[in-house]
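Worksheet for the structure shown next.
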2 protein chains.
Amino acid sequence: MVETATSPVSHRVRVALLDRIVRGEWAPGTPLPSEAALCREFDTSRGTVRRALAGLRADGVVVGGRGRPPVVGKVVPAQSLDTLRSFTEWARSEGRVPGQRTLVLDRRSADSATAGLLGLDEGATVVALVRVRTLENVPVMLERSTFVPEVGRHLFGFDTDTGSVFAELARQGVALTSARHTIDAVGANRLDSEALRVPMGAPLLRERRRSSDATGRAVEVADDRFRPEQFSFRIDNAAG
Amino acid sequence: MVETATSPVSHRVRVALLDRIVRGEWAPGTPLPSEAALCREFDTSRGTVRRALAGLRADGVVVGGRGRPPVVGKVVPAQSLDTLRSFTEWARSEGRVPGQRTLVLDRRSADSATAGLLGLDEGATVVALVRVRTLENVPVMLERSTFVPEVGRHLFGFDTDTGSVFAELARQGVALTSARHTIDAVGANRLDSEALRVPMGAPLLRERRRSSDATGRAVEVADDRFRPEQFSFRIDNAAG
């Protein structure tokens, strides 16, 4: 098992190297500088540099090692927002292997913000789902979804560890056909930190979403938090 | 199910209330006036007021349900990415007051990543512009733009502290008509931290952009970093 625990310094080194890779400054196949050179550049110890490199290797961003010089691997995948697609569907279209691990699936009382967004009374029962989403078994996103009860009830007859909730709901006759996305950034809280294996406060890309069914009724609100080293959104647009 | 259909009158009430919230007249957490008071103020029926409030609740601008007094939620302005618009144009459309302060305007040699994105040889001359962008004089975004020289040269005859570069370029006959945006999150570096008055490492929303002119030629690459408390992106989409 690769050591991926991150100190703040090794995280900083990791993010700095990743930035060069993501920007294309270091193209796929480029050999990384030697550990000694990285120690000098970042004025830090060999152990710290090794932890940073181990993290990049665990992310699949750096490949090679053990006797062979590490080289830059593939770059961060970007999800287009031109159409509404599930994480699973998007990942497969990119040739990636999506996965998920359920942390929470329960019925609970809606807080006022969630109730308002779903058009329910405060305290109404909703179905909450929290899952870690992975690509090739690497944690990429922590998903927190809340469904109106008529839709969420379908999840209790489904193994939420096995695949796409959107696809399962479609099989149950509930198609999520449109969504409004609000995208910003947030520092990792304790749960984010543990689930995504990043330090507390590390910058995460956040997508909040309200999804509606074919009648235009809001049926899901979600808060998805992504590791930016692992995921970005892409939008193409033109002057109106 | 809350009735959210809007009549012209309820829409007028909703917009009037939203205006007070967005302008900060009613801060987050402020209880709204009673329905009876709103009926008197807008000289309308309780049903109309309720429809206006339901619309604000659906937008997340007002929180709290029917049993508890509704209060103002947290409102962060969101820029739609449905069309390509400048920060200045977007801010004005929201009734906000955009501003800018230039930190850097110079000619420099393109690094390999920038040169690649602009279709130039490494080391070719480009024009770099770094500005702090503000809303009502509050720093909201740090903009780093790099232009191909034939376009960037127009900026030396323009006071970049006075307004929109996009609008100035359009006056010079260079219309930026399409763009690809890559959106993620990043921790504030030293310059971000100083310009945006946030701690080092604070999570920022990052938009990287490659803008093209009407012939499809890439003429600008940019890295814009936003304070997430001050700004978000909004995207509406539908299943393909």
Side-chain angles (χ1 to χ4, degrees), chain A residues 8 12 15 19-20 22-27 76 78 81-85 110-113 115-124 175-188 201-206 208 210 217-218 226-229 231-240, chain B residues 1-2 4 54 56-68 70-71 73 76 78 81-85 111-114 116-117 175-188 201-208 223 226-229 231-240:
Chain A
R12 183 172 61 76
V15 167
D19 194 57
R20 294 175 195 174
V22 169
R23 291 173 155 280
E25 189 176 330
W26 290 348
V76 175
L81 282 169
D82 293 343
T83 60
L84 176 61
R85 292 204 294 180
D111 61 35
S112 66
L117 288 166
L118 290 174
L120 301 173
D121 291 336
E122 185 172 349
L176 304 189
T177 58
S178 65
R180 166 161 288 192
H181 311 259
T182 303
I183 296 175
D184 66 1
V186 66
L204 300 176
L205 174 63
R206 176 166 66 172
R208 282 170 294 175
R210 182 164 58 154
R217 183 189 176 192
F226 297 86
R227 290 173 58 185
E229 318 86 82
F231 184 92
S232 60
F233 286 113
R234 186 174 59 228
I235 292 119
D236 291 310
N237 66 10
Chain B
M1 174 84 193
V2 174
T4 57
L56 293 171
R57 263 198 295 272
D59 289 344
V61 170
V62 163
V63 296
R66 280 168 284 181
R68 305 188 57 186
V71 301
V76 174
L81 283 170
D82 293 343
T83 59
L84 176 62
R85 292 205 291 180
D111 62 36
S112 65
T114 303
L117 289 166
L176 305 189
T177 58
S178 64
R180 164 160 290 192
H181 310 260
T182 302
I183 296 174
D184 66 1
V186 65
L204 300 175
L205 174 63
R206 176 167 65 172
E207 177 212 355
R208 283 171 293 176
D223 174 320
F226 298 86
R227 291 174 57 185
E229 328 73 90
F231 184 90
S232 60
F233 286 113
R234 187 172 59 224
I235 292 118
D236 291 311
N237 65 11

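In what follows, chains are A, B, ... by sequence order, proteins preceding strands, each numbered from 1.
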Item to check | Side chain, backbone, both or neither of B:Arg180 within contact of chain A (heavy atoms, under 4.5 Å) | outcome: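 Both parts, backbone and side chain.
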Checklist entry - Which residue out of B:Ala238, B:Ala175, B:Ala202 racks up the most heavy-atom pairs below 4.5 Å with chain A? => result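 Counting heavy-atom pairs under 4.5 Å, the top option is B:Ala238.
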Item to check | Pairing residues for B:Arg234 by the side-chain hydrogen bond (donor to acceptor under 3.5 Å, both in side chains) criterion, not counting sequence neighbours | outcome: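 Not a single residue meets the side-chain hydrogen bond (donor to acceptor under 3.5 Å, both in side chains) criterion with B:Arg234.
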Roughly how far, to the nearest 0.5 Å, is the [atom2] atom of [Y] from the [atom1] atom of [X]?
{"X": "B:Asp184", "Y": "A:Arg227", "atom1": "CG", "atom2": "CZ", "answer": "13.0 Å"}
{"X": "B:Thr182", "Y": "A:Phe233", "atom1": "OG1", "atom2": "CZ", "answer": "12.0 Å"}
{"X": "A:Leu81", "Y": "B:Ile183", "atom1": "CG", "atom2": "CD1", "answer": "7.5 Å"}
{"X": "A:Asp236", "Y": "B:His181", "atom1": "CG", "atom2": "NE2", "answer": "7.5 Å"}

Checklist entry - Among A:Gly187, A:Ala179, A:Gly123, which residue forms the greatest number of heavy-atom pairs with chain B at distances under 4.5 Å? => result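 Ranked by contacts with chain B, first place is A:Ala179.
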Item to check | Selection from A:Asn237, A:Leu176, A:Leu205, A:Thr83 maximising heavy-atom pairs under 4.5 Å formed with chain B | outcome: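 So the answer, after comparing A:Asn237, A:Leu176, A:Leu205, A:Thr83, is A:Asn237.
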Select one option (side chain, backbone, both, neither) describing which atoms of [X] are under 4.5 Å from chain B's heavy atoms.
{"X": "A:Phe231", "result": "backbone"}
{"X": "A:Asp82", "result": "backbone"}
{"X": "A:Leu204", "result": "backbone"}

Next on the checklist: Can you give me the closest heavy-atom contact between B:Gly201 and A:Pro203, atom names plus distance?
Outcome noted: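 In terms of heavy atoms, the two residues are closest at O-CD, 4.5 Å.
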